[in-house]
Amino acid sequence: MQAKTMRLILGDQLNLQHSWYKNIDKNIVYVMFEMRQETDYVTHHVQKIIAFFSAMRAFAQELEDMGHRVIYLKLDDENNTQSLTENLDLLTKKHSIQAFEYLHPDEYRLKQQLDGYCQDLNIDSKAFDSEHFLIAFSDIAKYFKKNTSMVMESFYRKVRKQFKVLMDKDEPIGGQWNYDKENRKKLPKGHVPVSPKIFKKDVTGFKKLLEKHKVKTFGEVDPDNFIWPTTRAESLEIFQYFLEECLENFGSYQDALTQEYWSVYHSRISFSLNTKMLSPLEVIKQAQAYWEKNQDKISLAQIEGFIRQVLGWREFMRGLYWINMPKYAEMNHFNHQRDLPKYFWTAETKMNCIKQSVSQSLEYAYAHHIQRLMVTGNFMLLAGIHPDAADAWYLGIYIDALEWVEMPNTRGMSQYADGGLVASKPYISSANYINKMGDYCSNCSYDPKKRTGDKACPFNSLYWNFLEKKSELRKNMRIRYSYSTWDRYTDEQKQAIIQQAESYLDNIEQL
Ligand SMILES: Cc1cc2nc3c(=O)[nH]c(=O)nc-3n(C[C@H](O)[C@H](O)[C@H](O)COP(=O)(O)OP(=O)(O)OC[C@H]3O[C@@H](n4cnc5c(N)ncnc54)[C@H](O)[C@@H]3O)c2cc1C
Ligand code: SF4
């Protein structure tokens, strides 16, 4: 029997709970494609592509097991044109399709492509909400204003009230909205965190497929022991592990930096969330329910810290992305132009914090938020790296990287290239912060206490140089304190620091 309607499922739309799948209708065929269009738009970490393909195949199988009709084109399928719209055209003709339906893509480039495609179609077409985010796609403009600085905290309080999360009627449980101040500890000496929950799956076939088709990737993979969850069942498993083993320490150590452990108490559910194998609301509700039953061991600060990330930051970033695209992708507030040094792909640098954060990212396609923000991102901003280069690196390297969340985090929060739409100040620091939060500095060739001279930590002179050169920031109340410290240096000291920074920047590849 010919299908009448063709429904497209993109690689990050693996939401088994979507209302599309409630009823089995043989007039509907679901289509999914592994495509060069998607493997090649930026150079990805090898684990990222394998995780997506593996999760997509598992999802297609689950749909088939439920009784749905599915056409799945693997990368090496002879009918695969490697282009989204050409594949759609081909299947429309082949199966005499009469209507085309799709879920709103979360990335601007895909939305443009599909909206454009539908305009020229001579069959009916319709877009549906992905039923994933708390804020429906059509409601984004009710919460966010174009080109306007927004405060995450206000948004967070509003949605907490709206979705009744950690609320006691109209007041936050515990009387306080935010426990961030309690969540800034480094790991105590000798502290051994729980071992990370990993999956040991054989992905040799995927690795060979990418090699055979010469898909350009970077990073490492152990094909006999692939660690990431790629099904909903595995996603639920890693989340449950987080609740049982990590949540009680999540908030306290979420900012801690350690070179001993690549994973500490973070949830590592971002890939599962961003592919929609997990829903944010189920994660929030289950985490709250787990905390309610285990308040003897899990403090309010831990659960609030976790919920703020998923309910607050994640939805906030998505809203800002959509309201400001496509202009957002071109913003370069400081007009930074420098290329990213080669050690971002090799980890061969004397700066131990960068070395550790990059080498762990190459090995696992993962780094936690503070490694991304206050180590690699901090360095990129202080060194004046072009935001396009920063975006391409973060979009390629992390397992969870999709433009709607990567870009506002990178271009906005980390690089301040949007002039403050996301962040109320640039997230920069000298070695002081990195040294305070972990053990990178005590194993480094550079001296975190020195600003100039032999072995002076590059973060120090680059930090003061940045503030000196961006004097417009003097008006920003949140960093006035740093300027008052800088202003206490003598002209001679200032000159030596600036000279040190300029010499480091001239020799950036040698750092
Ligand atoms: C420069 C930079 C680039 C980033 N790129 C991405 C990206 O491509 N994809 C991505 O999902 N996150 C990105 N983040 C945000 C954050 O670092 C990751 O979500 C987090 O590290 C994922 O690990 P986890 O699942 O262990 O998170 P946890 O620390 O356990 O937090 C739980 C969940 O909260 C959400 N979350 C936490 N912080 C943020 C945030 N700032 N923005 C949005 N969601 C958040 C994530 O879904 C995460 O899975 C980026 C941050 C920075 C500074
Ligand atoms: S001394 Fe400087 S370069 Fe070395 S780890 Fe510390 S902050 Fe990084």
Side-chain angles (χ1 to χ4, degrees), residues 5-21 28-42 44 48-64 68-75 77 79-92 97 99-118 121 125-133 136-137 206 215 228 230-232 235 270-280 318 321-322 325 395-396 398-407:
T5 299
M6 177 166 72
R7 284 180 168 173
L8 171 69
I9 304 167
L10 295 169
D12 65 344
Q13 296 177 334
L14 313 180
N15 177 4
L16 262 189
Q17 283 104 321
H18 195 278
S19 53
W20 265 7
Y21 313 121
I28 296 173
V29 64
Y30 292 95
V31 297
M32 298 177 78
F33 316 128
E34 295 170 7
M35 293 174 288
R36 291 306 293 259
Q37 168 188 320
E38 294 307 295
T39 58
D40 297 359
Y41 71 90
V42 70
H44 301 279
K48 184 179 169 193
I49 302 183
I50 291 178
F52 269 93
F53 283 4
S54 171
M56 286 165 68
R57 288 188 193 186
F59 184 82
Q61 189 59 55
E62 286 189 83
L63 285 187
E64 276 187 343
H68 293 290
R69 291 181 66 183
V70 181
I71 296 175
Y72 189 100
L73 298 186
K74 292 184 179 168
L75 195 72
D77 192 300
N79 296 315
N80 192 343
T81 67
Q82 309 297 339
S83 142
L84 176 58
T85 50
E86 284 172 32
N87 278 346
L88 291 173
D89 274 343
L90 202 97
L91 293 175
T92 302
I97 295 293
F100 171 61
E101 296 180 348
Y102 63 105
L103 302 169
H104 274 298
D106 289 316
E107 293 195 310
Y108 187 82
R109 75 190 165 88
L110 285 164
K111 183 167 178 342
Q112 287 296 96
Q113 192 182 13
L114 280 170
D115 289 352
Y117 176 72
C118 290
L121 265 188
S125 64
K126 189 174 173 192
F128 289 72
D129 195 277
S130 66
E131 299 174 10
H132 171 79
F133 293 97
F137 188 79
F206 287 110
V215 175
W228 291 101
T230 54
T231 62
R232 174 158 165 83
S235 300
S270 47
F271 177 73
S272 299
L273 276 171
N274 295 352
T275 48
K276 307 184 179 52
M277 293 188 291
L278 291 181
S279 112
R318 169 185 173 252
Y321 171 80
W322 276 107
M325 282 298 277
L395 191 55
Y398 291 117
I399 194 83
D400 51 36
L402 289 161
E403 193 185 83
W404 66 267
V405 54
E406 173 280 323
M407 190 178 278

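Note that the coordinates shown come from a computational prediction; the quantities given were computed from them, not determined experimentally.
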- Message: Whether the side chain of Glu86 engages the backbone of Thr81 through a donor-acceptor N/O pair (distance < 3.5 Å, no angle test) should be reported.
- Response: no

- Message: Nearest 0.5 angstrom please: Arg318 CZ to Asn274 CG, how far?
- Response: 11.5 Å

- Item | Rounded distance (nearest 0.5 Å) linking atom OG of Ser130 with atom NE2 of His104 | 8.5 Å

- Message: We want to know whether Gln17 and Ser279 form a side-chain donor-acceptor pair, criterion being a heavy-atom distance below 3.5 angstrom.
- Response: no

- Message: One pair to check against side-chain contact (heavy atoms from CB on, under 4.5 Å): Trp20 and Asn15. What are the steps and the verdict?
- Response: CA-CA 10 Å; Trp20 265 7; Asn15 177 4; over 6 Å; no

- Side-chain donor or acceptor of Gln13 paired with backbone N/O of Leu103 under 3.5 Å: yes

- Message: Can a side-chain donor-acceptor contact be found between Asn80 and Asn87 if the only test is distance below 3.5 angstrom?
- Response: yes

- Minimum heavy-atom distance Ala51-Ile399, with the two atoms named: CB-CD1, 3.7 Å

- Message: Does any part of the side chain of Phe52, heavy atoms only, come nearer than 4.5 Å to the side chain of Asp12, both counted from C-beta?
- Response: yes

- Task: Indicate yes or no: at least one non-hydrogen side-chain atom of Gln113 is less than 4.5 angstrom from one of Gln37.
- Result: yes

- Note on the structure: Of all heavy-atom pairs linking Ala58 and Thr230, the shortest is CB-O, 3.9 Å

- Item | Ring geometry between Tyr102 and Phe100 (parallel below 30°, tilted from 30 to 60°, perpendicular above 60°) | parallel

- Just by distance, with hydrogens left out, do Glu403 and Tyr321 show a side-chain donor and acceptor under 3.5 Å apart? yes

- Message: Checking Met407 against Met325 for the side-chain contact (heavy atoms from CB on, under 4.5 Å) test, could you report, in this order, the C-alpha distance in whole Å, the side-chain angles of both residues, the deciding distance, and whether it holds?
- Response: CA-CA 10 Å; Met407 190 178 278; Met325 282 298 277; 4.2 Å; yes

- Which residue pairs pass the salt bridge (Lys or Arg N to Asp or Glu O under 4.0 Å) test when at least one of the two sits in residues 29-39, sequence neighbours left out? Glu34-Arg57, Arg36-Asp40, Glu38-Arg109

- Could you check if a side-chain atom of Glu107 sits within less than 4.5 angstrom of a side-chain atom of Leu402, using non-hydrogen atoms only? yes

- Rounding to 0.5 Å, atoms CG (Leu121) and CG (Asp89) come to a distance of 7.0 Å

- Query: So how far is it from Trp228 CH2 to Ile50 CD1, rounded to the nearest 0.5 Å?
  - Reply: 13.5 Å

- Message: Is there a side-chain contact between Ile9 and Phe59 in this structure, where contact means two heavy atoms from C-beta onward sitting under 4.5 Å apart?
- Response: yes

- Query: Does the side chain of Leu84 reach to within under 4.5 Å of the side chain of Leu110, using non-hydrogen atoms?
  - Reply: yes

- Aromatic ring proximity Tyr398/Phe271, centre distance under 6.0 Å: no

- Item | Exercise: identify the closest heavy-atom pair between Leu73 and Asn79 | CD1-O, 4.2 Å

- Note on the structure: Output for pair (Ser125 OG, Asp115 CG), nearest 0.5 Å, gives 9.0 Å

- Measure the NZ-CG distance between Lys48 and Asp400 for me, rounded to the nearest 0.5 Å. 8.5 Å

- With sequence neighbours left out, write down each residue that passes side-chain contact (heavy atoms from CB on, under 4.5 Å) with Lys126, or none if nothing qualifies. Glu101, Phe128

- Message: Tell me the closest heavy-atom pair linking Leu395 and Ala401, and the distance in Å.
- Response: O-CB, 3.3 Å

- Shortest non-hydrogen pair, Met32 vs Leu14, comes out as CE-CD2, 3.8 Å

- Message: Check the orientation of Phe137 and Trp322. Use parallel for under 30°, tilted for 30 to 60°, and perpendicular for over 60°.
- Response: perpendicular

- Lys111 side-chain N/O to Pro105 backbone N/O, donor-acceptor pair under 3.5 Å: no

- For residues Arg232 and Leu278, determine if any side-chain heavy atom of one lies less than 4.5 Å from a side-chain heavy atom of the other. yes

- Thr85 versus Tyr117, closest heavy-atom pair with distance: CG2-CD1, 3.5 Å

- Item | Contact check, side chains of Asp106 and Val405, non-hydrogen atoms, under 4.5 Å | no

- Is His132 reaching over with its side chain to a backbone N or O of Met277, donor-acceptor style, under 3.5 angstrom? no

- Message: Side chains of Leu91 and Ile97, heavy atoms from C-beta outward: is any pair under 4.5 Å?
- Response: no

